[in-house]
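Working notes, structure below.
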Amino acid sequence: METPDAKLVAWVRQAAPYIHAFRGKTFVIAFGGEVLADGDGRQRAQALIHDIALLDSMGIRLVLVHGARPQIDAEMHGRGLKPRFHKGLRVTDADALECVKRAMGVTRIEIEALLSQGLPNTPLAGGFLRVTGGNFITARPVGVVDGVDFQYTGAVRKVIAEEIQADLDQENVVLVTPIGASPSGEIFNLAWEDVAEAVAVAVEADKLIFLSDAPGLVDKKGALIDALTAEEAEAMVKRRVKQAPEVERVLPRALRACHAGVGRVHFLDRKADGAMLMEFFTRDGIGTVMTRAPLAVLRQATNEDVAGVLAVIAPLEADGTLVRRGRELIEMEIRNFSVVEHDGLIVGCAALYQYSKDKAAELACLAVVPEFRRAGYGDQLRRHIEARAKKLKLKRLFVLTTRTAHWFVERGFVECGVEDLP
């Protein structure tokens, strides 16, 4: 039986390639004030901060962008003022601006206090997060839209990226509050979603993470989408596929950030404990990731893929599904292999061994790691090998198997005898 300790060891080993890959990368993590305002907000906020501390300890450069919408609403209600919105954007008059400044200041102080904890038996024990901030955002007024004067509601004019980069170079965690000043000294209330987009683009972030009110994007049937391209997301928007309210609000920003060069945009549920750890350090993740290009790439293997191929086929060699192949043999025959690369990791492979004299070839070593067997990569590899065989003008493609004959028969192969082989 697999013990809890064995599962922990397996998880750490699975996470190791991601830890190496993310060291020195820049993540922008954006979240609304709901993180602190939920019923058990303090506990959830502490869990989020613990995860942020873990990411920082792994050498990831972090920029945090926070909002304070519920805190501003509460401040306004306390003063007898009624919040006004137009198309999801707050209308900020002079009275509302005073509430914004107070709520933003309190929220920022609370986040800084959480980041400064050093409690025993937590990821912050024995560590210290240096939190910095500054006048990184220059703002301009939104102005009048649809006849509505937004007054002190602003839009991002410029992000002073070099100052943020300088803080990150000193291993600081940069905390950005969505308030900006104009060159004339006027203060403007900014949407945290817009600030997150602008900052991620300006610092050329490797990841932009939106923590919102849903596990991620869903299709028209309501099923969670684990990965999609920006083009696919735009098609969903055109078809008006309904999303959770906060996801609807951040999606246009995510698309613009993706097109502007941000490497990955992640949509995660702010209420899911450890969401970022499970998304970043497991193969299948738990939320939705958006990329400019498809996350999975099927290509011909190179010498650099030998270790990845060996890792994929080793479990199937151990249980007798595949014939054992040593590293030396794989290195010699790597050009026969095609691989599926998912987010930088080899998760599947297959090989084509050609018998030119007989115009035949063997489809060999078809394998996909268990976590991705439902993603259709096995069929993609099979079709790819079949296409390679046709391109070589081969007449027959055969498989040698004692365990998976039914899988190939279901896909058009027929059983034959040894005498029919080359």
Side-chain angles (χ1 to χ4, degrees), residues 1-3 5-18 20-21 281-284 296-355 360-389 394 396-418 420-422:
M1 291 179 62
E2 190 176 23
T3 65
D5 287 344
K7 290 182 179 179
L8 174 62
V9 170
W11 182 86
V12 172
R13 287 173 177 164
Q14 182 187 109
Y18 299 104
H20 292 305
F281 301 107
T282 61
R283 285 188 176 130
D284 45 0
V297 178
L298 200 162
R299 58 175 174 78
Q300 185 173 342
T302 66
N303 292 333
E304 288 73 25
D305 298 320
V306 171
V309 170
L310 287 168
V312 171
I313 67 176
L316 297 174
E317 290 179 340
D319 69 13
T321 301
L322 291 178
V323 174
R324 287 190 179 275
R325 293 169 169 82
R327 184 184 187 93
E328 184 177 351
L329 182 62
I330 294 294
E331 289 177 348
M332 291 172 58
E333 299 178 345
I334 193 64
R335 292 294 176 181
N336 294 328
F337 280 80
S338 297
V339 295
V340 173
E341 182 181 6
H342 181 92
D343 203 13
L345 292 179
I346 303 301
V347 298
C349 66
L352 181 71
Y353 290 94
Q354 186 178 351
Y355 296 82
E362 178 189 357
L363 191 171
C365 210
L366 176 59
V368 178
V369 296
E371 295 89 344
F372 288 91
R373 285 178 187 162
R374 292 191 177 185
Y377 293 156
D379 271 320
Q380 289 180 33
L381 283 162
R382 174 187 59 81
R383 288 193 295 267
H384 177 73
I385 295 296
E386 289 174 356
R388 281 181 61 186
L394 302 177
R396 289 186 297 161
L397 184 67
F398 64 90
V399 176
L400 303 176
T401 180
T402 59
R403 299 281 187 92
T404 58
H406 66 283
W407 191 86
F408 290 99
V409 169
E410 289 170 2
R411 286 154 178 81
F413 284 73
V414 295
E415 292 189 40
C416 66
V418 176
D420 295 314
L421 298 175

TODO: Taking atom CD of Glu410 as the centre, report whether more than 12 heavy atoms of other residues, nucleotides or ligands fall under 6.0 Å from it.
DONE: yes
Open item on the list: Working to the nearest 0.5 angstrom, can you tell me the gap between Tyr355 OH and Leu394 CG?
Closed with: 12.0 Å
Task: Point-to-point distance, once rounded to the nearest 0.5 Å, from CH2 of Trp407 to CG of Leu366 - done: 5.0 Å
Task: Arg403: salt bridge (charged side-chain N to carboxylate O under 4.0 Å, His left out) partners, not counting sequence neighbours - done: none
Open item on the list: If the condition is side-chain contact (heavy atoms from CB on, under 4.5 Å), which residues does Ala367 pass it with, not counting sequence neighbours?
Closed with: Val312, Ile313, Leu316, Leu322, Cys349
Task: Residues that Arg411 engages under side chain to side chain donor-acceptor pair (under 3.5 Å), provided they are two or more places apart - done: Asp379
Task: Residues in ring pair (Phe, Tyr, Trp, His ring centres under 6.0 Å) contact with Tyr377, at least two apart in sequence or another chain - done: Phe372
- [ ] Give a yes or no on whether the backbone of Val368 and the side-chain of Arg373 come within a donor-acceptor separation of less than 3.5 Å.
- [x] yes
- [ ] With sequence neighbours excluded, tell me which residues meet side-chain contact (heavy atoms from CB on, under 4.5 Å) with Pro315.
- [x] none
Task: From Cys365 atom SG to Asn336 atom CG, the distance as rounded to the nearest 0.5 Å - done: 10.5 Å
Task: Atom pair CG/CD of Leu298 and Glu341 - distance to nearest 0.5 Å - done: 10.5 Å
Task: Set of side-chain contact (heavy atoms from CB on, under 4.5 Å) partners for Leu400, sequence neighbours left out - done: Glu362, Phe398, Leu421
TODO: Identify the heavy atoms of Val409 and Glu415 that sit nearest to each other, and give their distance.
DONE: CG2-CG, 4.4 Å
Task: Any residue meeting side chain to side chain donor-acceptor pair (under 3.5 Å) with Gln300, in chain and number order, not counting sequence neighbours - done: none
Task: With sequence neighbours excluded, residues passing side chain to side chain donor-acceptor pair (under 3.5 Å) with Glu386 - done: Arg382
TODO: Apply side chain to side chain contact (heavy atoms under 4.5 Å, CB included) to the pair Leu352 and Leu397, showing each step before the final yes or no.
DONE: CA-CA 9 Å; Leu352 181 71; Leu397 184 67; 3.6 Å; yes
Task: Listed once per pair and sorted, the salt bridge (charged side-chain N to carboxylate O under 4.0 Å, His left out) pairs that draw on residues 301-314, sequence neighbours left out - done: Arg299-Asp305
Task: Among Val306, Leu329, Val339, side-chain contact (heavy atoms from CB on, under 4.5 Å) partner for Ile334 - done: Val306
Task: Nearest heavy-atom neighbours spanning Asp420 and Cys416 - done: OD2-CB, 3.4 Å
Task: salt bridge (charged side-chain N to carboxylate O under 4.0 Å, His left out) pairs, two or more places apart, involving residues 318-334 - done: Arg327-Glu331
